[in-house]
Amino acid sequence: MPKLVMKFGGTSVSDVERIKNAASKILIEVEKGFDVIVIVSAMAGETNRLVSLVNSVSTLYDAREYDAIVSSGENASAGLMALTLQNMGVSARSWQGWQVPLITNSAHGSARIMEITTQKLNEKFLEGMRVAVIAGFQGLTNDGRLSTLGRGGSDTTAVAFAAAFEADQCDIYTDVDGIFTADPRITNKAKKLSKISYEEMLELASLGAKVLQTRSVELAMRYNVPLKVLNSFSDNDGTLVCQEENIMENKVVSGVAHSRDEAKMTLISVADRPGIAASIFGTLADKGVNVDMIVQNISDDGRTDMTFSCPVDQVELATVTLNEAKIKKTFNYRELIADQDVSKISVVGIGMRSHAGVAAKMFQALSNENINIKVITTSEIKISVLIDRKYMELAVQSLHDAFELGVEA
Ligand code: ADP
Ligand code: ASP
Ligand code: MG
């Protein structure tokens, strides 16, 4: 039988009525003749609840216990989905990550998938099971501990199953009609795309468009999995993420992404000598700080200011790490300034490779709104800026207008 992977996010399984609604979408595919692998997230809000329980016990926690607690949200939704399908007369059962097993490395909290065993599930499909419901987001390490794949990780579970079982397609069901030119919750002018390239989606996801977890797009690109994003609550035809050559029309800019909770950290007055950046960023990397943008300003006195951005929830870790390094004399600096009220806004488009002037247009649009740019980085197909968080929505909206993303191509 051909196989299909269908993933339902938190809002799509947030109560038993919605689980029934998702199950009816699964039933349609079963009736078409597919054997279906369903990946479910925890019910909406449940993972956040579990994370805050962990934090209420300790903030510098054992990541293995964090995973044991936080992975549990998916177990209930998997069981409920299997029961609902059984009530509809579909032969279905649930599987937790360790039962498959889905093996990950031991980077607890953001583990990477190493292997998915297909044998047990395939045997069940041969015996007549039509739907395997898999608890997303979770796996098992080689030393027998539960692991999780990072927030939004059920998307990655879904793509990994689609690759392992050579499914015809991986459908991601969520609470919007597909992938839009910007987050539709930030601008109502955002337009749904019918197709987007893996490469552009990879940039958008890594720059904050949480509609797909970055790692899921990476995997889909590597294994050439046709990936679709659809709405659980409508019959809209969604957005296909596919190879660039399958997309006819290409705008210079395809989308605007934002990442709300960023921080800007500046080390004032560090020595201007070879090896200083390696030392600072090596130390931060060793402690797991996710450094993103970096700017260095040389001053006249032979010293330099080093600025970098990181997620706001890593400010404490970065501060402790830098203070310790100063005490140990790994490197020195006069002062550390943390600005915790910044957001990152990015424009993304493959067309930028062959078009000049995108940066100028972006900066002009922000200047027209009197928005100050604090840090800039660019790559071949994206430009990102750091700005004050209070201007985040305005910046997304004005860039969306400036690049005419709401206008039909
Ligand atoms: P799920 O729980 O189904 O995994 P998520 O909340 O993780 O859903 O992702 C869907 C959300 O992603 C949407 O509700 C939307 O607000 C947000 N989003 C951000 N950027 C985009 C975009 N460019 N296109 C569509 N949705 C986006
Ligand atoms: N439940 C997990 C989260 O909220 C995984 C997911 O929904 O993809 O991050
Ligand atoms: Mg998600």
Side-chain angles (χ1 to χ4, degrees), residues 6-14 18 22 39-52 54 66-67 69-78 97 109-111 134-139 147-160 170-194 196 200-217 227-234 236 238-239 241 253-260 343-349 392-393 396 399-400 405-406:
M6 300 173 79
K7 178 253 170 179
F8 292 90
T11 41
S12 307
V13 294
S14 59
R18 288 187 172 188
I39 315 292
V40 285
S41 289
M43 292 167 138
E46 180 61 7
T47 309
N48 286 346
R49 190 183 72 85
L50 294 166
V51 170
S52 62
V54 172
Y66 167 95
D67 277 353
I69 298 157
V70 169
S71 64
S72 67
E74 270 66 13
N75 297 344
S77 15
S110 58
I134 313 288
F137 179 53
Q138 47 171 260
S147 54
T148 64
L149 309 178
R151 296 307 304 269
S154 296
D155 297 331
T156 301
T157 310
V159 175
C170 180
D171 289 339
I172 307 281
Y173 284 87
T174 184
D175 56 1
V176 288
D177 278 346
I179 297 160
F180 284 71
T181 47
D183 187 337
R185 294 183 203 287
I186 301 282
T187 167
N188 56 18
K189 291 188 196 157
K191 195 170 63 103
K192 186 182 81 77
L193 300 163
S194 57
I196 186 167
E200 285 169 311
M201 191 57 227
L202 190 58
E203 285 284 5
L204 286 173
S206 70
L207 295 167
K210 70 165 184 166
V211 60
L212 287 173
Q213 197 198 34
T214 308
R215 183 88 184 107
S216 72
V217 188
L227 185 60
K228 214 164 199 204
V229 176
L230 304 128
N231 195 334
S232 298
F233 309 105
S234 78
N236 199 293
T239 302
V241 190
V253 166
S254 313
V256 181
H258 68 277
S259 174
R260 189 176 182 283
S343 296
K344 182 172 61 179
I345 314 290
S346 312
V347 298
V348 172
M392 188 193 83
E393 275 94 355
V396 171
L399 292 173
H400 197 268
L405 298 178

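Order of listing sets the numbers, starting from 1, for every ligand and every atom in it.
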Counting only heavy atoms closer than 4.0 Å, does ligand 2 sit against the backbone of Glu46, its side chain, both, or neither?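 Glu46 to ligand 2: no contact under 4.0 Å from either part.
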
What is the nearest protein non-hydrogen atom to [atom], stated with its residue, atom name and distance?
atom	answer
atom 25 (C) of ligand 1	Gly178 O, 3.3 Å
atom 23 (N) of ligand 1	Phe180 O, 3.0 Å
atom 21 (C) of ligand 1	Asp183 CA, 3.7 Å
atom 1 (P) of ligand 1	Thr174 OG1, 3.6 Å
atom 7 (O) of ligand 2	Ser41 OG, 3.0 Å
atom 4 (O) of ligand 2	Arg151 NH2, 2.9 Å

Quiz question: by atom type and distance under 3.5 Å, do the side chains of [X] and [Y] form a donor-acceptor pair?
X	Y	answer
Ser147	Asp67	no
Thr214	Ser206	no
Thr181	His400	yes

Using distance alone, decide if ligand 1 has a nitrogen or oxygen within less than 3.5 Å of any nitrogen or oxygen in [X].
X	answer
Ala209	no
Thr181	no
Thr11	no
Asp155	no
Ser12	no
Val176	no

Could you see which bit of Lys7 sits under 4.0 Å from ligand 1, with heavy atoms only: side chain, backbone, both or neither? side chain

Using a 4.0 Å heavy-atom cut-off, say whether Lys210 meets ligand 1 through its side chain, its backbone, both or neither.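 Both the backbone and the side chain of Lys210 come within reach of ligand 1.
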
Check each atom of ligand 1 against the heavy atoms of [X] and keep those under 4.0 Å away; list them by number with element.
X	answer
Asp175	10 (C), 13 (C), 14 (O)
Ile179	24 (N)
Gly10	2 (O)
Ala182	22 (C), 23 (N)

Can you find a non-hydrogen atom of Gly152 under 4.0 Å from ligand 1? no

Is it true that Lys210 and Asp155 make a salt bridge, defined as a side-chain N closer than 4.0 Å to a carboxylate O? no

